[in-house]
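Here is the structure we will look at, set down as structure tokens.
The structure displayed is predicted, hence computed values, not measured ones. Just so it is clear: chains get the letters A, B, ... in the order the sequence lines come, proteins before strands, and each one is counted from 1. Excluded from the calculations below are hydrogen atoms, water molecules and symmetry mates; all remaining heavy atoms, backbone and side chain alike, are included.
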There are 2 protein chains.
Amino acid sequence: MTGNSRFAVSVHILAYLAYRQGAAVPSAEIAASVDTNPVVIRRLLAALVKTRLVSAQKGASGGFSLATTAENISLRDIYRAVEPEPSHGLSHFSPNTKCPVGAKIQSILHPIFVKAQAGMEAELARVSLAEVHRQLRPVCPGKK
Amino acid sequence: MTGNSRFAVSVHILAYLAYRQGAAVPSAEIAASVDTNPVVIRRLLAALVKTRLVSAQKGASGGFSLATTAENISLRDIYRAVEPEPSHGLSHFSPNTKCPVGAKIQSILHPIFVKAQAGMEAELARVSLAEVHRQLRPVCPGKK
DNA sequence: CTTAATGTAACTGACGAAGTTACTTTTGCC
DNA sequence: GGCAAAAGTAACTTCGTCAGTTACATTAAG
């Protein structure tokens with residue numbers, strides 16, 4: 001598992017916690033579901049705990065659980081918790097300010113990037129963790 | 001200039017071509033405006049030529065110019081020309097399929113990511129290169 | 001035929017993220 | 001009290017991607 005999968009893995013983690021219905025789930029169990037190292041999971045969970053989406057219980061028989069209901073958590077909340085501030089490549093982009101184009105291009109692009117980012121997050125905001133959870137346990141036709 | 005600034009630099013390139021009003025502009029001149037190496041510029045231009053946003057003229061007194069009007073180029077066109085297919089971290093994310101969550105999470109996330117991407121691109125589609133060009137040459141109050 | 005340009009391949013270096021090891025701290029449970 | 005299990009975290013190793021660079025073949029104007 002290489003490349004930036006922080007968000008995808010984080011949604012997986014929270015979906016797993018929802019699936020386990022409030023139990024204190026150790027990082028090793030989540031790591032088995034994601035198929036990665038427990039430390040990777042704990043690092044992402046640290047961000048999710050900091051933003052109060054998840055609560056952590058140290059010590060024996062400890063573990064992680066959702067800090068609120070799955071309805072109250074949107075994918076945008078998760079995205080913002082674990083993704084770094086989007087730079088869109090504007091940091092480390094230092095055009096020649098002696099050129100009329102280079103002097104202005106950054107200030108022109110910045111608000112455009114902010115809107116593009118907002119457009120993406122608006123779509124994520126429409127999906128709750130509960131919706132993801134629901135799709136995990138689909139209605140089983142014919143079964144009551 | 002480090003990190004993924006392909007899109008920002010590409011908009012800069014096209015804005016520069018618009019600014020030069022149809023002249024055949026060599027990559028070295030664009031590189032001076034962006035403050036980077038001409039090869040970096042030519043690599044991005046190769047993608048822009050392939051998608052027919054820009055035309056290239058080889059040989060002495062050759063260079064690059066817009067293949068169409070700035071009104072006809074949206075920032076989404078530029079984005080799609082130079083950014084690789086968005087994986088959103090789903091490639092290289094291989095959860096444990098023996099777990100009920102791991103088995104389904106990818107197919108749940110995929111359509112959500114597609115919508116998020118579309119939300120972002122819709123905002124980029126609203127901005128044309130002409131709009132960027134206009135902001136480069138603002139009305140100069142008092143000047144006729 | 002010279003010169004200036006594109007088109008590309010090959011290499012280097014920086015950076016970020018995943019993965020791993022190892023250790024400290026905390027806490028339930030016997 | 002002491003053991004076991006867990007979070008928390010630091011340090012290190014890969015690994016992939018991209019910007020940057022050098023070098024060279026190809027092309028076309030004058």
Side-chain angles (χ1 to χ4, degrees), chain A residues 1-10 12-13 17 20 23-32 34-50 54-65 67 82-96, chain B residues 1-10 12-13 17 20 23-51 54-65 67 82-96:
Chain A
M1 197 196 43
T2 269
N4 184 358
S5 47
R6 294 172 65 87
F7 176 55
V9 172
S10 297
H12 184 150
I13 290 172
L17 293 181
R20 295 288 272 99
V25 184
S27 60
E29 180 178 335
I30 306 173
V34 177
D35 191 26
T36 187
N37 192 291
V39 175
V40 174
I41 301 298
R42 289 206 290 271
R43 280 201 286 240
L44 290 171
L45 277 161
L48 297 166
V49 167
K50 195 179 301 175
V54 166
S55 57
Q57 180 64 54
K58 285 189 191 176
S61 81
F64 299 90
S65 51
V82 301
E83 287 291 335
E85 277 293 289
S87 82
H88 289 105
L90 277 188
S91 64
H92 309 289
F93 169 47
S94 308
N96 181 353
Chain B
M1 197 192 50
T2 268
N4 183 359
S5 47
R6 294 171 66 86
F7 177 55
V9 172
S10 297
H12 184 150
I13 290 171
L17 293 182
R20 296 287 272 95
V25 184
S27 59
E29 179 178 336
I30 306 173
S33 173
V34 177
D35 191 27
T36 186
N37 191 291
V39 175
V40 174
I41 300 299
R42 289 206 291 274
R43 279 201 288 239
L44 290 170
L45 277 162
L48 297 166
V49 167
K50 195 179 301 176
T51 54
V54 166
S55 57
Q57 180 65 54
K58 286 187 188 176
S61 82
F64 300 90
S65 52
V82 300
E83 287 291 335
E85 276 293 288
S87 82
H88 290 105
L90 277 188
S91 64
H92 308 289
F93 169 46
S94 308
N96 182 351

**Q.** Non-hydrogen atoms of A/S61 and A/A24 that approach each other most closely
**A.** O-CB, 4.1 Å
Q) In terms of side-chain heavy atoms of A/K58, which of D/dT27, C/dG19, D/dG8 is nearest? A) D/dG8
(Q) Return the CD1 to NE2 distance between B/I41 and B/H12, rounded to the nearest 0.5 Å. (A) 7.5 Å
Q) Considering residues at least two apart in sequence or located in another chain, which fulfil the side chain to side chain donor-acceptor pair (under 3.5 Å) criterion with B/S27? A) B/R42
(Q) Nearest whole Å is fine: how far is C/dA9 C1' from B/N37 CG? (A) 14 Å
Q: Could you please name the option among D/dA7, C/dA9, D/dA19 that lies closest to any side-chain atom of B/V39?
A: C/dA9
Q) When you check the phosphate oxygens OP1 and OP2 of D/dC18, does a side-chain N or O of B/S5 lie under 4.0 Å from one of them? A) no
Q) Among the nucleotides C/dG7, D/dA28, D/dA6, which one has an atom lying closest to any side-chain atom of B/A56? A) C/dG7
Q | Shortest non-hydrogen separation from B/S55 to B/A67 and the atoms involved | A | N-CB, 3.9 Å
Q | Partners meeting side chain to side chain donor-acceptor pair (under 3.5 Å) with A/Q57 (sequence neighbours left out) | A | none
Q: May I ask you to list the residues of residues 42-50 of chain A, by number, that have any heavy atom positioned under 4.0 Å from an atom of DNA chain D?
A: A/R42, A/R43
Q. Hey, is the side chain of B/T36 poking within less than 4.0 Å of OP1 or OP2 on D/dG20, counting only N and O atoms?
A. yes
Q: Would you indicate, yes or no, if C/dA5 has its OP1 or OP2 atom less than 4.0 angstrom from a side-chain nitrogen or oxygen of B/S61?
A: no
Q. Looking at C/dT3, C/dT6, D/dA4, which one has an atom nearest to any side-chain atom of A/A60?
A. D/dA4
(Q) Distance check needed: C/dA5 P versus B/I30 CD1, whole Å only. (A) 12 Å
Q. Nearest-Å distance, CD1 (B/I41) to P (D/dG20)?
A. 9 Å
(Q) Could you report the tightest heavy-atom contact between B/S10 and B/V82, atom names first, then the distance? (A) OG-CG1, 3.3 Å
